[in-house]
Number of protein chains: 2
Amino acid sequence: MPLRSDWSSATCPIARSADVLADPWVLLILREMFSGRLRFDELREATGAADSVLARRLTSMADAGLVEREGIGSRAGYRLTDAGRETLPILHAYARFSRVTDPDGPWGLTVSCGRCGEVAASVDRCIACDAPLDADSARWARRSMGGAPFALTGGASA
Amino acid sequence: MPLRSDWSSATCPIARSADVLADPWVLLILREMFSGRLRFDELREATGAADSVLARRLTSMADAGLVEREGIGSRAGYRLTDAGRETLPILHAYARFSRVTDPDGPWGLTVSCGRCGEVAASVDRCIACDAPLDADSARWARRSMGGAPFALTGGASA
């Protein structure tokens, strides 16, 4: 990306991860991919990103090993790699910040634990039942998708 | 910022937080402020940001209620607000992503628990002693600052 520094080889682990992941569009693309939207046209519709914006982000995400392209033609899409699935705590940390600093806000996304069902009070661990809160065990409920909790893409089914 | 969408009123809590916080410079500025660097010239030196880049980010962080300007003249600086201190799990989530996806990387920053001393295995909770891992209780060790664990700005002393 022009006019941006390159932190991919920084020794600070915050700076290294931020190089690709500290970008609002990348976070929204990951949110949609965890929600099961894996095709280019689905991602475009769900994020509202322009084609060029979306294509550029998907390329940088693929270069960083977060997603892989699969399929051809009209069935082409993307899948989250293992590294891509490890971004979940970053998304949860952003979501949690909004809830903590604006508790009355109208929240379109709620994170809960797939084991005990409690709404998440931590970014990566269920405080209620002490289970890890990862891409396998977390459940999301999104108002724009009907509001029922669902397992994340590639996660164990509910 | 030009050419960027405004997500500050989005109902998705990820998008709302991302509006100001999904920016590498903002994350580096927060890293330095948690490390005790609170004056403009200290922040400039520690992040390597140009004056205009740093000033613009500090303005957007103040507008978002993350920092407050204090003092005048050569002693002018910034302090983290309560909301600013709530960004810590976001920084920890980025740091943890680097460690999980590249365990052998040369890490310049290590997070540990101020209560039991264990290196953090979660973003916001100590897995070893079950204490919350927040701006009061977390300790950082930074190679560029001598490598000894220190309490974060405004946190309880070690």
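Note that these values count all heavy atoms, side chains included, but never hydrogens, waters or copies made by symmetry. Just so we're on the same page: letters track the sequence lines, and every chain starts at 1.
- Nearest heavy-atom pair across B/Pro24 and A/Ala18 is CG-O, 3.8 Å.
- Heavy atoms only, all atoms of each residue included: B/Pro13 and A/Ser98 are closest at O-OG, 2.7 Å.
- Closest approach of B/Ser17 to A/Phe97, counting heavy atoms only: OG-CD2, 3.6 Å.
- At a 4.5 Å heavy-atom cutoff, the contact between B/Leu66 and chain A is made by side-chain atoms alone.
- The residue among A/Cys12, A/Gly48, A/Gly65, A/Pro132 with the most heavy atom pairs within less than 4.5 Å of chain B is A/Cys12.
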Please tabulate, for side-chain N and O atoms in residues 142-150 of chain B, each donor-acceptor pair with protein atoms closer than 3.5 Å (sequence neighbours left out).
from, atom 1, to, atom 2, distance (Å)
B/Arg142, NH1, B/Glu32, OE1, 3.2
B/Arg142, NH1, B/Glu32, OE2, 3.1
B/Arg142, NH1, B/Ser35, OG, 2.9
B/Arg142, NH2, B/Glu32, OE2, 2.8
B/Arg143, NH2, B/Trp107, O, 2.6

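- The residues B/Arg125 and A/Asp124 are annotated as not salt-bridged, no charged nitrogen and carboxylate oxygen being separated by less than 4.0 angstrom.
- For A/Ser122, the parts sitting under 4.5 Å from any heavy atom of chain B are the backbone and the side chain alike.
- Between the side chain of A/Tyr94 and the main chain of B/Arg16, no donor-acceptor pair closer than 3.5 Å is present.
- For a residue to count as touching a neighbouring chain, one of its non-hydrogen atoms must lie under 4.5 Å from one of that chain's; by this rule B/Leu88 does not touch chain A.
- In terms of non-hydrogen atom pairs under 4.5 Å with chain A, the most contact-rich of B/Thr101, B/Val100, B/Ile90 is B/Ile90.
- Heavy-atom distances place the side chain of B/Leu28, and not its backbone, under 4.5 Å from chain A.
- B/Ile14 pairs with exactly one of A/His92, A/Arg31, A/Arg96 by the side chain to side chain contact (heavy atoms under 4.5 Å, CB included) rule, that one being A/Arg31.
- A/Val119 and A/Ile127 fall into different hydrophobic clusters, where Ile, Leu, Val, Met, Phe, Trp and Tyr residues are linked whenever their side-chain heavy atoms come under 4.5 Å apart, directly or through other members.
- Contact of B/Val123 with chain A is made through backbone and side chain together, with heavy-atom distances under 4.5 Å.
- Contacts between residues 108-117 of chain A and chain B, counted as heavy-atom pairs separated by less than 4.5 Å, involve A/Gly108, A/Leu109.
- Looking at B/Asp82, neither its backbone nor its side chain comes within 4.5 Å of chain A, counting heavy atoms on both sides.
- Counting non-hydrogen atoms of other residues, nucleotides and ligands closer than 6.0 Å to CD of B/Glu70 gives a total above 12.
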